[in-house]
Amino acid sequence: EAQVTQNPRYLITVTGKKLTVTCSQNMNHEYMSWYRQDPGLGLRQIYYSMNVEVTDKGDVPEGYKVSRKEKRNFPLILESPSPNQTSLYFCASSSGTSGGAEQYFGPGTRLTVT
Amino acid sequence: GESVGLHLPTLSVQEGDNSIINCAYSNSASDYFIWYKQESGKGPQFIIDIRSNMDKRQGQRVTVLLNKTVKHLSLQIAATQPGDSAVYFCAEKNDYKLSFGAGTTVTVRA
């Protein structure tokens with residue numbers, strides 16, 4: 001089944017404790033992206049990757065890192081999480097950046113930073 | 001994404017009626033516009049998209065209209081069903097970036 005998976009689905013952590021949220025897709029998609037969703041703000045793009053070893057900042061990259069060492073994986077790293085990073089995070093992938101290539105979203109990771 | 005003047009955060013629709021969800025976008029250079037549906041506890045799901053050189057596109061029970069003059073996008077859902085209850089987001093794509101609006105919550109009344 002074609003899908004985007006994220007782990008963990010739920011995470012409660014403390015300020016400053018490094019964490020990684022994994023994202024994996026099995027569709028051989030070139031493009032992958034991370035979003036955060038906050039009430040009243042919709043989804044905001046954190047980082048995106050056009051292919052292996054090619055990443056770029058989205059609209060809200062501060063406090064986050066990403067890597068794209070393999071085509072299927074695109075982990076989101078919070079080196080020193082803060083309470084303002086409490087949010088719902090989505091990973092997405094698509095077959096290309098040109099045109100309206102349909103983005104497939106993962107199920108989301110709800111992160112709480114205390 | 002949506003602007004305050006055109007965007008309604010909630011929409012209540014009688015089952016069987018047609019729904020119209022509006023969205024104002026901000027970047028005239030955006031080349032694609034996409035509508036997503038998000039059900040409770042799930043990630044957004046692609047509904048339909050439209051290229052910037054088009055003004056209308058139809059899918060199954062859905063139609064997207066694009067008015068570039070006023071930077072307005074709408075999604076029409078025909079014969080709204082209970083399963084259409086969800087949050088609907090418009091998004092504009094510019095180069096590699098995708099920007100989402102705040103979303104409209106659609107509730108279908110039986």
Return a table of donor-acceptor pairs under 3.5 angstrom between the side chains of residues 60-67 of chain A and protein atoms on other chains or two or more places apart.
residue	atom	partner	partner atom	Å
A/Tyr64	OH	A/Arg36	NH1	2.9
A/Tyr64	OH	A/Tyr89	OH	2.6
A/Lys65	NZ	A/Glu79	OE2	2.9

Is there a side-chain contact between B/Tyr36 and B/Tyr88, using heavy atoms and a 4.5 Å cut-off? no
Indicate whether any N or O donor in one side chain lies under 3.5 Å from an N or O acceptor in the other, for B/Asp17 and B/Gln14. no
Measure distances from A/Leu43 to the heavy atoms of chain B and classify the residue's part below 4.5 Å as side chain, backbone, both or neither. both
Pairing of B/Asp31 and B/Lys93 as salt bridge, 4.0 angstrom limit: yes
So for A/Tyr35, is it side chain, backbone, both, or neither that comes closer than 4.5 Å to the heavy atoms of chain B? side chain
Taking CD in A/Glu53 as the centre, count heavy atoms belonging to other residues, nucleotides or ligands within less than 6.0 Å. Is the count above 12? yes
Proximal to chain B - members of residues 106-114 of chain A, heavy-atom separation under 4.5 Å: A/Gly106, A/Pro107
Of all heavy-atom pairs linking B/Ala86 and B/Glu39, the shortest is CB-CG, 4.1 Å
Is any side-chain N of the basic residue among B/Asp49 and B/Arg57 closer than 4.0 Å to the acidic one's carboxylate O? yes
Against chain A, label B/Lys97 side chain, backbone, both or neither, depending on which of its atoms sit under 4.5 Å from a heavy atom there. both
B/Leu11 side chain near B/Ile21 side chain, heavy-atom distance below 4.5 Å: yes
Among residues 6-29 of chain A, which ones touch chain B with a heavy-atom distance under 4.5 Å? A/Arg9
Is the shortest side-chain heavy-atom distance between B/Arg61 and B/Asp84 below 4.5 Å? yes
With a 4.5 Å cut-off on side-chain heavy atoms, are A/Arg44 and A/Asp38 touching? yes
In chain order, what residues pass the salt bridge (charged side-chain N to carboxylate O under 4.0 Å, His left out) check against A/Lys71, with sequence neighbours excluded? A/Glu30
